[in-house]
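Report on one structure; see the data block that follows.
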Amino acid sequence: MSKADAEPLSDFIRDKVAEDVATGKYDGRVVTRFPPEPNGYLHIGHAKAICLDFGIAEETGGVCHLRFDDTNPEKEDVEYVDSIMEDVRWLGFDWGEHLYYASDYFEKMYECAIKLISDGKAYVCELSVDAFKEYRGVPTRPGKLTPGRDRSVEENLDLFGRMRAGEFEDGRYVLRARIDMDSPNLHMRDPALYRIKHAPHHRTGDTWCLYPTYDFAHGLEDSIERVTHSLCTLEFEVHRPLYDWLLEACEVYRPAQTEFARLNLTYTVMSKRKLLELVEGHYVSGWDDPRMPTLCGLRRRGYTADSIRRFCRGVGITKVESLTDISLLEHHIKDELNRTARRVMAVLDPIKLVIENYPEDQVEELEAINNPEDESAGTRAVPFSRELWIERADFREEANRKFHRLTPGREVRLRYAYFVTCTGVVKDDATGEIIEVHCTYDPATRGGDAPDGRRVRGTIHWVCATKGGEADVRLYDRLFSVERPDTVDEGPASATTRDSAGTSGNFKDNLNPDSLTTVRAKVEPAILAMGAGEHCQFERKGYFFSDPKDSREGAPRFNQVVPLRDSWRKRSS
RNA sequence: UGCCCGAUGGUGUAAUGGUAGCACGACAGCCUCUGGAGCUGUUCGUCUAGGUUCGAGUCCUAGUCGGGCAACCA
């Protein structure tokens, strides 16, 4: 068990579960479930739910089911089923034999519907979608009784049977619960239970042409599986009375639904619909684009399952709708990678450094520490020669005293190598651009220490120009340039408004055009030898991950996980 | 002008009638062969108004603000 699971967690849901166990409710059983609809890839918000559902089961010795809530064939696909299982497993959870599909319960659900009809608690309604809405009314006005509401049980049974038999086209009829058209809760105004959809289902094929709605199906799924604690997000709170009503009316086992706040992160979006839009519109390379908040995207970016679990633990479970700063997520991966990632040297924006007094054809090997936080990681040899690459930003022709790097006349340390003193630059006559930085080195400082005890303020990293290689490196910035991409900017350029259904204006207007930058970096030999899917720290730059998909033998391609804190940039900006 | 839910530093959370704590961030100092990491310190909070109580972030009332609900989506 990882450290992320070390101390016991406590929140209002866990307290409730503990109380139920203590009082013997549900005979002390704890059964939770994670019920994704297979219509998209899992994202970090789902990770919060997964950690809760599976976490509670683990902590209490209970079980957590993985159940696909596949009641709408038009939006669902096996591609999503597979990815969801992969992501849950990757996160570190195991459903054992408890893998279920709502579609496996369709026959039982149908029987429940028959019972409701027989008991006079459901009826077939012929209203069109528009008429349906009109009769339902609005929050501030009561609904009105629908025409088919008092149809006889026999006729309802007959119609419902014919709906199943495929006699009617989509939308011709719908099965509704008979509850209360005057309820202040819209969901209780005779909600739809079944709708006709002549659509093939990814599991049941053409067996069905009518499918249960979420409200009817979900409670029954929980009931059939004898779930004890049905946890979901806040937007389902208003559905709870219906959840309870339906299970009572069906006279079946009744779990309890409890709601918690979903996760929102700054600078990203967390709705499957919007993420799908980014994928289909090619704003990103796919669901697993490292800029995406999807689990596969984060994984490819280089986030570890452990860091995500720690993050979820840190965020906690409440009913307060919040917007979590993404730096909290970043903190957890930095914390882990600082302990575990091997250090290597790469120059992202190279400029040549020529050591004038270093022998022309000499190459020597210097010893570098692989991880100062972990002695067992050992050391490695790094080649060094007369010509090196250093970062363009590590040299300035003119600098103030706060700039501790290379500038004419100043001495700095080349990490693990020598002290060098800048002697000048070589410029392109035409453009005036600096082509080379020149310096001299002090042979007595080999390894990076001065025998006379003199000190330098700065240490810069470097790559041997003759023995080093190159690698593609992707640098990432936030996917969106504003904290809440869903909120439309007040700027005149994007004066879009929200429509009444709550969908946002054009959130894509807030996409950050600079979220991806690819550079060809100069890298030390050890980097070329890295395989796919390995973490490392490019010293003084950040943590990187060799892309699991695009890396090739001898040619790793890197994704920046997260940059190192840069207090110089902060100070000078 | 319906119903439901919520409100603690910049952010996320804890305190279950008894010292408002923790993490992240920010700032300052120390240390450092990564301007990284680490260490030390500082800053900053109970939405408002009444009430109950010896004592209220917590309980009650009213208000304010925020979110959700008007798919035959989940």
Side-chain angles (χ1 to χ4, degrees), chain A residues 10-12 15 35-37 39 69 71-72 74-75 125 127-129 132-133 136-143 170-171 173-176 183-189 191-197 210-211 213-215 217-218 232-241 259 261 263 266 272-273 311 314-332 334-335 338-339 343 345 368-369 372-373 402-405 413-417 419 447-449 455-461 500-502 537-543 563-572:
Chain A
S10 171
D11 52 61
F12 78 100
D15 291 349
E37 182 190 13
N39 67 342
D69 204 358
T71 59
N72 186 355
E74 288 168 344
K75 295 186 175 179
C125 175
L127 255 26
S128 68
V129 176
F132 184 105
K133 288 177 180 172
R136 181 176 42 210
V138 293
T140 50
R141 292 267 175 282
D170 290 8
Y173 288 110
V174 65
L175 182 75
R176 303 177 68 168
S183 172
N185 182 341
L186 265 353
H187 298 280
M188 299 298 272
R189 319 242 264 228
L193 266 28
Y194 268 95
R195 71 281 216 204
I196 299 171
K197 274 181 195 288
L210 81 172
Y211 294 90
T213 59
Y214 166 85
D215 282 316
H218 205 89
C232 60
T233 44
L234 252 28
E235 66 270 28
F236 292 102
E237 211 158 19
V238 282
H239 292 247
R240 187 166 10 109
E259 311 83 12
L263 175 71
T266 53
K272 284 198 265 187
R273 197 210 92 216
F311 166 73
V315 164
I317 300 293
T318 68
K319 297 192 72 162
V320 186
E321 294 220 35
S322 54
L323 178 65
T324 301
D325 197 313
I326 197 158
S327 66
L328 225 95
L329 208 213
E330 293 171 340
H331 160 75
H332 285 90
K334 277 195 249 185
D335 189 53
N338 175 50
R339 285 182 274 110
R343 272 62 169 174
M345 291 195 284
I369 295 167
E373 307 291 320
K402 285 187 173 176
F403 186 79
H404 299 157
R405 287 113 92 147
R413 171 170 35 234
L414 293 177
R415 179 137 236 232
Y416 298 124
F419 283 12
D449 287 307
R455 307 171 74 95
V456 288
R457 293 298 298 272
T459 298
I460 65 176
H461 60 100
S500 57
Q537 182 198 99
F538 289 170
E539 294 221 24
R540 302 208 303 137
K541 300 309 290 184
Y543 295 102
L564 242 31
R565 186 161 148 257
D566 185 353
S567 51
W568 159 249
R569 187 198 295 175
K570 220 175 271 176
R571 205 168 292 194
S572 53

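Treat the numbers as computed from the prediction; the structure is a model and nothing was measured. Just so it is clear: chains get the letters A, B, ... in the order the sequence lines come, proteins before strands, and each one is counted from 1.
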Separation between the [atom1] atoms of [N] and [M], rounded to whole Å:
{"N": "B:U61", "M": "B:C73", "atom1": "C1'", "answer": "40 Å"}
{"N": "B:U46", "M": "B:U58", "atom1": "C1'", "answer": "10 Å"}
{"N": "B:C3", "M": "B:U8", "atom1": "P", "answer": "24 Å"}
{"N": "B:C60", "M": "B:U53", "atom1": "C1'", "answer": "12 Å"}
{"N": "B:G6", "M": "B:A62", "atom1": "P", "answer": "15 Å"}
{"N": "B:A7", "M": "B:G45", "atom1": "C1'", "answer": "13 Å"}
{"N": "B:U64", "M": "B:U48", "atom1": "P", "answer": "15 Å"}

Check whether any side-chain nitrogen or oxygen of [X] sits under 4.0 Å from OP1 or OP2 of [N], and answer yes or no.
{"X": "A:Lys197", "N": "B:C72", "answer": "no"}
{"X": "A:Lys75", "N": "B:A71", "answer": "no"}
{"X": "A:Arg565", "N": "B:A37", "answer": "yes"}
{"X": "A:Arg240", "N": "B:C5", "answer": "no"}

From [options], nucleotide with atom closest to [X] side chain:
{"X": "A:Glu237", "options": "B:A14, B:C4, B:A74", "value": "B:C4"}
{"X": "A:Ser567", "options": "B:C73, B:G35, B:C69", "value": "B:G35"}
{"X": "A:Leu328", "options": "B:G68, B:U11, B:C3", "value": "B:U11"}
{"X": "A:His239", "options": "B:A74, B:C72, B:C69", "value": "B:A74"}

With nearest nucleotide decided by heavy atoms, which residue, A:Phe12 or A:Ala417, maps closer to the 5′ end of RNA chain B? A:Phe12

Where each residue is assigned the nucleotide of RNA chain B containing its nearest heavy atom, which of A:Ser327 and A:Pro139 is assigned the position nearer the 5′ end?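 It is A:Pro139 whose nearest nucleotide is closer to the 5' end.
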
Quick check for you: to the nearest 0.5 Å, what is the distance between [X] atom [atom1] and [Y] atom [atom2]?
{"X": "A:Glu37", "Y": "A:His218", "atom1": "CD", "atom2": "NE2", "answer": "11.5 Å"}
{"X": "A:Arg457", "Y": "A:His404", "atom1": "CZ", "atom2": "NE2", "answer": "3.5 Å"}
{"X": "A:Asp215", "Y": "A:His239", "atom1": "CG", "atom2": "NE2", "answer": "5.5 Å"}
{"X": "A:Leu564", "Y": "A:Gln537", "atom1": "CG", "atom2": "CD", "answer": "4.5 Å"}
{"X": "A:Leu175", "Y": "A:Arg195", "atom1": "CG", "atom2": "CZ", "answer": "12.0 Å"}
{"X": "A:Ser183", "Y": "A:Arg189", "atom1": "OG", "atom2": "CZ", "answer": "6.5 Å"}

With sequence neighbours left out, write down each residue that passes side-chain hydrogen bond (donor to acceptor under 3.5 Å, both in side chains) with A:Asp170, or none if nothing qualifies.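 None.
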
Using a distance-only test with no angle check, is there a side-chain donor-acceptor pair under 3.5 angstrom linking A:Asp325 and A:Ser327?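 A:Asp325 vs A:Ser327: donor-acceptor pair found between side chains.
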
Value in whole Å for how far the [atom2] atom of [N] lies from [atom1] of [X]:
{"X": "A:Asp11", "N": "B:G12", "atom1": "CG", "atom2": "C1'", "result": "14 Å"}
{"X": "A:Lys272", "N": "B:C73", "atom1": "NZ", "atom2": "P", "result": "15 Å"}
{"X": "A:Arg343", "N": "B:A37", "atom1": "CZ", "atom2": "C1'", "result": "7 Å"}
{"X": "A:Gln537", "N": "B:G36", "atom1": "CD", "atom2": "P", "result": "11 Å"}
{"X": "A:Phe236", "N": "B:G68", "atom1": "CZ", "atom2": "P", "result": "14 Å"}
{"X": "A:Arg339", "N": "B:U34", "atom1": "CZ", "atom2": "C1'", "result": "18 Å"}
{"X": "A:Asn39", "N": "B:A74", "atom1": "CG", "atom2": "P", "result": "9 Å"}
{"X": "A:Arg136", "N": "B:A70", "atom1": "CZ", "atom2": "P", "result": "8 Å"}

What contact category does [X] fall into here, base, sugar-phosphate, or nothing, at under 4.0 angstrom with non-hydrogen atoms?
{"X": "A:Leu323", "answer": "sugar-phosphate"}
{"X": "A:Ser183", "answer": "nothing"}
{"X": "A:Arg457", "answer": "nothing"}
{"X": "A:Tyr194", "answer": "nothing"}
{"X": "A:Asn185", "answer": "nothing"}
{"X": "A:Asp215", "answer": "nothing"}
{"X": "A:Thr71", "answer": "sugar-phosphate"}

Polar pair under 3.5 Å, donor/acceptor by atom type, side chain [X], base [N]:
{"X": "A:His187", "N": "B:A70", "value": "no"}
{"X": "A:Arg540", "N": "B:G35", "value": "no"}
{"X": "A:Glu330", "N": "B:G25", "value": "no"}

Does RNA chain B take part in any stems of at least 3 consecutive Watson-Crick or G-U pairs (both distances under 3.5 Å), and if so, which ones?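 The stems are B:2-7 with B:64-69, B:10-13 with B:21-24, B:26-30 with B:38-42, B:47-51 with B:59-63.
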
So, do A:Pro241 and A:His187 sit near enough that their side-chain heavy atoms are less than 4.5 Å apart?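 With C-beta onward as the side chain, the pair stays apart.
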
How would you label the glycosidic angle of B:A71: syn (within 90° of 0) or anti? syn

Can you list everything that forms a side chain to side chain contact (heavy atoms under 4.5 Å, CB included) with A:Thr459? Sequence neighbours excluded, please.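 If we apply the side chain to side chain contact (heavy atoms under 4.5 Å, CB included) test to A:Thr459, skipping adjacent residues, the hits are A:Arg413, A:Arg415.
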
